[in-house]
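This one's a predicted model, so the numbers in the text were calculated from it and none came from an experiment.
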Amino acid sequence: MVAQFLRLKLRLLANLFRRSPWQVVGIVIGLLYGLAVAALFVAVLVGLRFVEDVELVRNGMVVAGSAVVIGFFLFPLVVGIDDSMDPRKFALLGIPNNRLSLGLALSALIGVPAIALALILAGTVVTWSRGPGETLIAFVAAVLLLATCTLASRVGTSLAGLLLSTRRAREFSGMLGLLLLVFMAPVAVLLFNVDWASNGPDILTRFAGFLAWTPLGAAWASPGDAAMGEWGSSLLKLLIAAASVYLLWLAWLGLVARMLVTPGREAAVRQYAGLGWFDRMPSNAIGVISARSITYWSRDSRYWVSLVMIPIVPVLVTLPLAIAGVPSHYLALVPVPLMCVFLGWTMHNDVAYDSTAIWLHVASGTRGTADRIGRLVPALFSGIVLIGLGSGVSIYLYGDWNALPSMLGVSTSILLAGLGFSSYTSARFPYPAPKPGDSPFAQPQASDTASALIQSLSFVGSIILSLPAIGFALLGIFVDPVWHLPALYAGVGMGVLAVSSGIWLGSRVFDRRGPEMIASALRA
Amino acid sequence: MKSFGQNVAVAGVDLEVRAGSFYGIVGPNGAGKTTTLSMITGLLRPDSGSIQVHGIDVWARPNDAKRIIGVLPDRLRLFDRLTGAQLLYYSGILRGLDNETVRTRSADLAAAFGLEDALNRLVADYSAGMTKKIALACAMIHSPRVLVLDEPFESVDPVSAVNVTEILQRYVASGGTVLLSSHGMDLIQRVCDHVAIIMHGKVLAAGTIDEVRGENSLEERFVELAGGRKVAEGMEWLHSFSD
């Protein structure tokens with residue numbers, strides 16, 4: 001029975017390679033990357049064998065290792081990976097629960113994450129091979145850790161499958177993951193600001209001292225304790241680790257038993273009165289298409305992710321610059337243009353986000369111009385608000401109101417140029433996007449690398465087209481304030497030119513390539 | 001004519017659908033029904049051949065042709081983050097109707113298809129049958145001359161199916177043309193006046209129901225054309241139960 005599960009998993013992995021050549025290339029690169037990272041860690045761990053400061057090595061390993069265990073548990077919950085070995089798929093085969101659970105858990109060992117982990121754990125055995133007793137304990141701890149992580153990821157995946165089976169729950173978990181990332185940013189900053197040279201070991205010791213007695217870090221700490229001669233606490237921690245594996249196993253058994261008899265969860269259905277944005281927009285093609293876009297921006301988690309990223313990016317960019325010592329009043333000028341880059345770029349694959357639903361536009365003979373302009377409306381509205389308010393705040397922080405025209409010019413140019421590029425590329429080069437209802441992070445492999453490349457170029461393109469405005473603005477800031485007005489004219493002129501030619505080209509493509517857009521959505 | 005790489009999906013389908021007829025296309029899975037209908041509605045570009053709808057070449061003057069065709073595709077998504085009411089409104093306006101007309105027609109269609117209670121819910125939360133019905137309603141909202149429906153009755157409950165059939169029959173009686181595909185021989189035999197049997201991308205038989213089926217039922221004729229039934233032998237083990 002177990003052998004069959006392992007064979008099934010191997011077969012599933014082998015079938016990954018029976019796809020289009022580009023996808024196989026992507027998978028191979030992913031595999032090599034995983035193995036390279038694992039090899040790097042193994043090398044470091046082997047090197048640690050010869051480090052004398054045993055306590056430091058142990059503490060570092062406990063903290064890093066605990067993060068690994070948490071990662072194995074949380075990653076499937078947050079990202080919501082597609083589970084090819086979902087217990088529910090075996091529900092109709094009538095396999096006894098114990099054997100099914102064992103088979104599924106063991107089959108989870110075949111896979112890139114588990115193999116990489118096994119390699120790294122083998123490395124830890126080398127690190128602690130400082131005597132027969134230590135080596136033995138390190139080996140037992142490594143086996144326990146492999147079991148812990150595998151079971152934790154199985155439990156995480158199954159919990160995700162069980163709890164997040166409704167559409168809305170899935171979408172919220174994706175957002176939750178993103179917010180988690182956002183809250184990591186301050187933590188990272190905090191960690192940056194610690195004076196590691198003097199306080200580092202102290203903080204590490206405190207953290208490790210706590211984690212070493214939890215199921216997360218016990219197995220990582222046990223061989224280190226042994227190496228320090230504290231055999232009692234080493235064995236005790238090994239016991240904790242073994243107990244946590246047993247508890248995880250029980251949880252896994254319970255989950256499998258539960259899942260076999262639980263079909264998908266039913267969601268409470270929400271009612272929406274009236275036509276929403278459709279009531280507020282004019283009743284023509286441009287009006288309804290923009291109303292539909294705005295509605296999707298507020299209802300579809302795939303759009304949320306790109307929208308939430310827009311305010312985060314400037315934080316991620318300016319923080320390191322601030323730490324590096326760039327004067328803060330110059331930094332105040334960065335966020336608004338940067339957000340405009342991303343706002344203009346959010347639309348660059350908009351047609352692919354519709355998936356095959358785009359047939360409605362094709363079958364009804366919707367004019368390309370109406371489609372193109374309608375889709376831009378939400379980005380334009382939010383762009384006007386962003387540039388209007390954002391520029392004011394930025395220049396207030398910067399302290400010289402003479403620079404306001406430059407700010408407006410550069411931001412407008414970047415936003416409009418980005419929207420112009422997007423208008424053309426989304427019709428001409430759609431590439432596979434997460435399907436409606438999928439996790440926003442489930443980015444499918446782009447089988448057509450060329451179009452993905454062109455899409456990335458459109459990102460740079462908006463900045464290149466804005467170079468005149470940026471140049472004048474820089475002259476205005478550093479040389480002579482008279483350059484600020486030319487920056488405004490150049491920016492607005494270039495932006496209007498770019499967005500109108502983008503819409504014009506995009507409309508022609510849309511009118512001509514309707515069936516091809518459906519075909520590409522069907523392929524995705 | 002349409003081929004995908006080496007696969008010839010439709011190898012020369014020659015069909016004449018008279019205005020005002022209720023025309024059914026039947027065929028086994030993978031026969032090329034969806035491919036044919038997609039080419040008629042302008043959703044899939046044919047490799048060669050021409051399609052005329054009321055004298056308009058669909059691929060030469062697509063916008064004129066699309067105005068008089070209503071489409072229900074199979075297996076294509078809808079904009080399902082809209083509520084039923086929003087989707088109807090969206091389709092109507094895209095088809096060039098004005099605000100007033102769309103609103104009255106939406107209400108009529110919702111009543112006819114029994115969707116009144118579902119109009120304010122997201123289409124993503126609909127059952128398969130309800131999704132089919134709202135898509136049908138969207139296909140009809142601009143009162144086209146020709147309705148091209150791919151599997152309109154799949155997963156629709158029997159009561160609604162009778163309802164839909166009645167609506168379609170009245171539409172045909174007033175001069176509209178319906179072209180639909182289905183696996184359900186019984187249903188085609190009951191509601192359609194013309195039928196074509198398609199297999200491997202070719203038309204095997206076409207004409208009025210009576211011409212095509214001759215003495216037999218449509219199902220028997222279909223199985224005969226499909227190369228006869230494979231007699232299920234050698235399955236005796238199925239009759240001796242394992243416990």
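Without hydrogens or angle criteria, A:Asp511 side chain to A:Gly368 main chain gives a donor-acceptor distance under 3.5 Å.
Residues of residues 85-97 of chain B lying under 4.5 angstrom from chain A, judged on non-hydrogen atoms, are B:Ala85, B:Gln86, B:Tyr89, B:Tyr90, B:Ser91, B:Ile93, B:Leu94, B:Arg95 by number.
For chain A, the nearby part of B:Asn63 is the side chain; its heavy atoms alone come within less than 4.5 Å. For A:Ile518, the part sitting under 4.5 Å from any heavy atom of chain B is the side chain, from C-beta outward, and nothing else. Of the two parts of B:Asp80, the backbone and the side chain both hold a non-hydrogen atom closer than 4.5 Å to a non-hydrogen atom of chain A. Using a 4.5 Å cut-off between heavy atoms, A:Phe278 touches chain B through backbone and side chain atoms alike. Within the 4.5 angstrom heavy-atom criterion, atoms from both the backbone and the side chain of A:Ile289 approach chain B. Proximity to chain B involves both the backbone and the side chain of A:Ala285, based on heavy atoms less than 4.5 angstrom apart.
With values rounded to the nearest 0.5 angstrom, B:Tyr126 atom OH is found 6.5 Å from B:Arg121 atom CZ. The CZ atom of A:Arg512 sits 8.0 Å away from atom CZ of A:Arg428, with the distance rounded to the nearest 0.5 Å.
Highest contact tally toward chain B, considering only A:Ser355, A:Ser283, A:Gly276, is held by A:Ser283 [criterion: heavy-atom pairs under 4.5 Å]. Ranking B:Pro73, B:Cys138, B:Pro62, B:Ala118 against chain A, the residue ahead of the rest is B:Pro73, based on heavy-atom pairs under 4.5 Å. Counting heavy-atom pairs closer than 4.5 Å to chain A, the top residue among B:Ile69, B:Leu82, B:Thr41, B:Val71 is B:Leu82. Looking only at heavy-atom pairs under 4.5 Å with chain A, the residue among B:Asp64, B:Leu78, B:Leu43, B:Leu119 that has the most is B:Leu43.
Looking at B:Ser160 and B:Asn163, their side chains never bring a donor and an acceptor atom within 3.5 Å of each other.
The cationic atom of A:Arg508 (NZ for Lys, CZ for Arg) lies less than 6.0 Å from the six-membered ring centre of A:Trp504 and within 45° of the ring axis.
Annotation: A:His348 is not in aromatic contact with A:Tyr424 [ring centroid separation under 6.0 Å not met]. Checked against the 6.0 Å centroid criterion, the rings of A:Tyr353 and A:Tyr296 do not qualify as a close aromatic pair.
By the 4.5 Å heavy-atom criterion applied to side chains, A:Leu522 and B:Leu76 are counted as neighbours. Looking at A:Ser423 and A:Ile503, their side chains come closer than 4.5 Å, going by heavy atoms from C-beta outward.
Applying the ring pair (Phe, Tyr, Trp, His ring centres under 6.0 Å) rule to pairs touching residues 95-117 of chain B yields nothing, sequence neighbours excluded.
In this structure, A:Asp354 pairs ionically with A:Arg375, as a charged nitrogen and a carboxylate oxygen lie closer than 4.0 Å.
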